[in-house]
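Residues: numbered from 1 along the sequence shown. Order of listing sets the numbers, starting from 1, for every ligand and every atom in it. Every heavy atom of this structure was used, including side-chain atoms; hydrogens, water molecules and symmetry mates were not.
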Amino acid sequence: MKKLKLFALTAVALIGASGVANAETAMLASDDFVGISFWLVSMVMLASTAFFFLEAGNVAAGWRTSIIVSGLVTGIAFVHYVYMRDVWVITGESPTVYRYIDWLITVPLLMIEFYLVLAAVGKANSGIFWRLLIGTVVMLVGGYLGEAGYINATLGFVIGMAGWFYILYEVFSGEAGKAAAKSGNKALVTAFGAMRMIVTVGWAIYPLGYVFGYLTGGVDADSLNVIYNIADLLNKTAFGLIIWAAAIQSGGRKAK
Ligand SMILES: *C/C=C(C)/C=C/C=C(C)/C=C/C1=C(C)CCCC1(C)C
């Protein structure tokens with residue numbers, strides 16, 4: 001366990017250092033509230049990463065991978081937030097490409113979490129994993145092509161929504177949802193339900209932002225970035241904390 005802790009601390013220190021290297025190029029103005037939200041979220045992501053990596057050693061073995069993946073998600077997000085923060089602070093433009101690269105890596109990892117928590121109680125199969133992955137890719141590719149202007153914004157939205165609905169179907173009524181319901185593990189059922197709510201309610205923030213930002217108007221680039229930033233906090237850090245709580249509940253906290 002000592003080795004794991006040492007590794008976790010080193011990893012977080014390295015990730016943290018990558019954020020410091022850029023500090024002198026970005027001068028945050030005191031009235032740049034969007035920039036401030038980028039800074040706040042980047043710091044929460046760093047702290048979450050340290051927390052998840054260190055806690056991975058304190059949960060029952062079956063849950064360990066889920067906690068490590070939570071740390072990977074916030075760690076990857078932290079690095080992207082450092083870049084997004086700089087793009088925003090220096091140019092005042094939306095860092096769309098960094099955001100989507102982040103989503104392209106972290107959203108599949110979040111989907112893998114559904115598979116991993118089922119695996120923790122021995123209820124997973126690989127079909128669940130692949131279907132969730134396909135839904136994710138369709139959702140993000142559609143959204144990116146629309147936001148970056150490669151295709152009509154409405155078409156991008158429709159494709160993105162189709163991917164999202166497919167994911168929702170799988171976790172509610174598909175094999176994943178059924179496997180969770182039948183598992184008979186109370187901590188898992190609670191966690192699975194909460195994770196599902198995040199993917200429904202927390203994730204809904206993104207398409208809503210897209211609609212008001214690109215389709216109907218009414219939300220400018222400033223607000224859209226703040227909205228996306230808050231959504232990321234909920235969907236990455238809070239999502240990880242739910243899994244962590246389930247792990248502690250079902251396995252107990254290991255006394256060293
Ligand atoms: C950590 C980042 C997360 C959880 C990002 C999630 C992003 C989405 C759920 C995006 C969804 C979209 C649609 C459902 C429709 C089209 C546009 C998107 C890509 C914004």
Side-chain angles (χ1 to χ4, degrees), residues 37-38 40-42 44-46 48-49 52 66 69-85 94-115 132-172 194-219 221 223-243:
S37 79
F38 274 112
L40 286 173
V41 175
S42 64
V44 176
M45 291 296 175
L46 181 61
S48 310
T49 308
F52 291 132
S66 313
V69 171
S70 294
L72 289 177
V73 167
T74 54
I76 291 164
F78 168 74
V79 175
H80 284 105
Y81 263 88
V82 168
Y83 281 86
M84 294 202 286
R85 189 177 84 184
S94 292
T96 304
V97 67
Y98 288 116
R99 207 181 269 290
Y100 271 85
I101 294 173
D102 176 71
W103 290 356
L104 196 63
I105 305 170
T106 57
V107 179
L109 286 172
L110 291 170
M111 291 286 89
I112 290 174
E113 294 279 38
F114 279 97
Y115 171 81
L132 290 172
L133 191 67
I134 289 168
T136 307
V137 171
V138 170
M139 178 180 87
L140 295 178
V141 169
Y144 181 71
L145 295 179
E147 284 203 49
Y150 288 106
I151 59 174
N152 174 282
T154 307
L155 178 63
F157 181 74
V158 171
I159 297 173
M161 290 299 281
W164 182 39
F165 284 141
Y166 187 55
I167 292 170
L168 290 179
Y169 171 78
E170 177 64 31
V171 295
F172 278 94
M195 289 161 68
R196 206 149 66 175
M197 280 323 283
I198 289 209
V199 171
T200 312
V201 180
W203 283 26
I205 302 170
Y206 302 97
L208 283 174
Y210 185 105
V211 166
F212 292 118
Y214 295 95
L215 302 181
T216 62
V219 164
S223 318
L224 187 61
N225 276 291
V226 175
I227 292 170
Y228 279 170
N229 290 353
I230 294 171
D232 277 359
L233 268 189
L234 180 67
N235 297 318
K236 293 182 167 70
T237 296
F239 190 86
L241 286 174
I242 288 171
I243 297 171

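Protein heavy atom in closest approach to atom 17 (C) of ligand 1: Tyr210 CD1, 3.6 Å. Annotation: atom 13 (C) of ligand 1 to nearest protein heavy atom, Pro207 CB, 3.9 Å. Looking at atom 10 (C) of ligand 1, its nearest protein heavy atom turns out to be Tyr206 CB, 3.6 Å.
When all heavy atoms of Gly202 and Leu234 are compared, the closest pair comes out as CA-CD2, 3.7 Å.
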Working note: Ile105 + His80, criterion side-chain contact (heavy atoms from CB on, under 4.5 Å); need CA distance, chi angles, decisive distance, verdict. CA-CA 11 Å; Ile105 305 170; His80 284 105; 4.2 Å; yes
Trp164/Tyr206 under ring pair (Phe, Tyr, Trp, His ring centres under 6.0 Å): CA gap, chis, key distance, verdict: CA-CA 11 Å; Trp164 182 39; Tyr206 302 97; 9.3 Å; no
Show the numbers, then the answer: is there a side-chain contact (heavy atoms from CB on, under 4.5 Å) between Thr136 and Trp103? CA-CA 9 Å; Thr136 307; Trp103 290 356; over 6 Å; no
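The 12-atom threshold is not exceeded at OH of Tyr150, counting heavy atoms of other residues, nucleotides or ligands nearer than 6.0 Å.
Using a 4.5 Å heavy-atom threshold, the side chains of Leu109 and Ile76 count as touching. Under the 4.5 Å side-chain criterion, counting only non-hydrogen atoms from C-beta, Val199 is in contact with Met111.
Against a heavy-atom cut-off of under 4.0 Å, Thr106 is close to the following atoms of ligand 1: 1 (C). Under a 4.0 Å criterion applied to the non-hydrogen atoms of Asp232, ligand 1 contributes the atoms 1 (C), 2 (C). The Lys236 neighbourhood of ligand 1 comprises atoms 1 (C), 2 (C), 3 (C), with distances under 4.0 Å to a heavy atom of that residue. For ligand 1, the atoms lying closer than 4.0 Å to a non-hydrogen atom of Gly160 are 14 (C), 15 (C), 16 (C). Ligand-side atoms of ligand 1 in range of Leu110: 4 (C), range being under 4.0 angstrom from any heavy atom. Residue Gly143 has at least one heavy-atom neighbour below 4.0 Å for each of these atoms of ligand 1: 17 (C), 19 (C).
Within the structure, ligand 1 lacks Tyr214 among the residues with a heavy atom less than 4.0 angstrom away.
Here Val107 has side-chain heavy atoms under 4.0 Å from ligand 1, and that is the only part of it that gets that close. Under 4.0 angstrom from ligand 1, there are no non-hydrogen atoms of Asp102.
Each of Tyr210, Tyr144, Tyr228 was checked for a ring pair (Phe, Tyr, Trp, His ring centres under 6.0 Å) with Tyr100, and the lone residue meeting it is Tyr144.
Closest heavy-atom approach to atom 18 (C) of ligand 1 among the candidates Trp164, Tyr100, Phe157, Trp203: Tyr100.
A donor-acceptor pair under 3.5 Å is absent between the side-chain atoms of Arg99 and the main chain of Met84, judged by distance alone.
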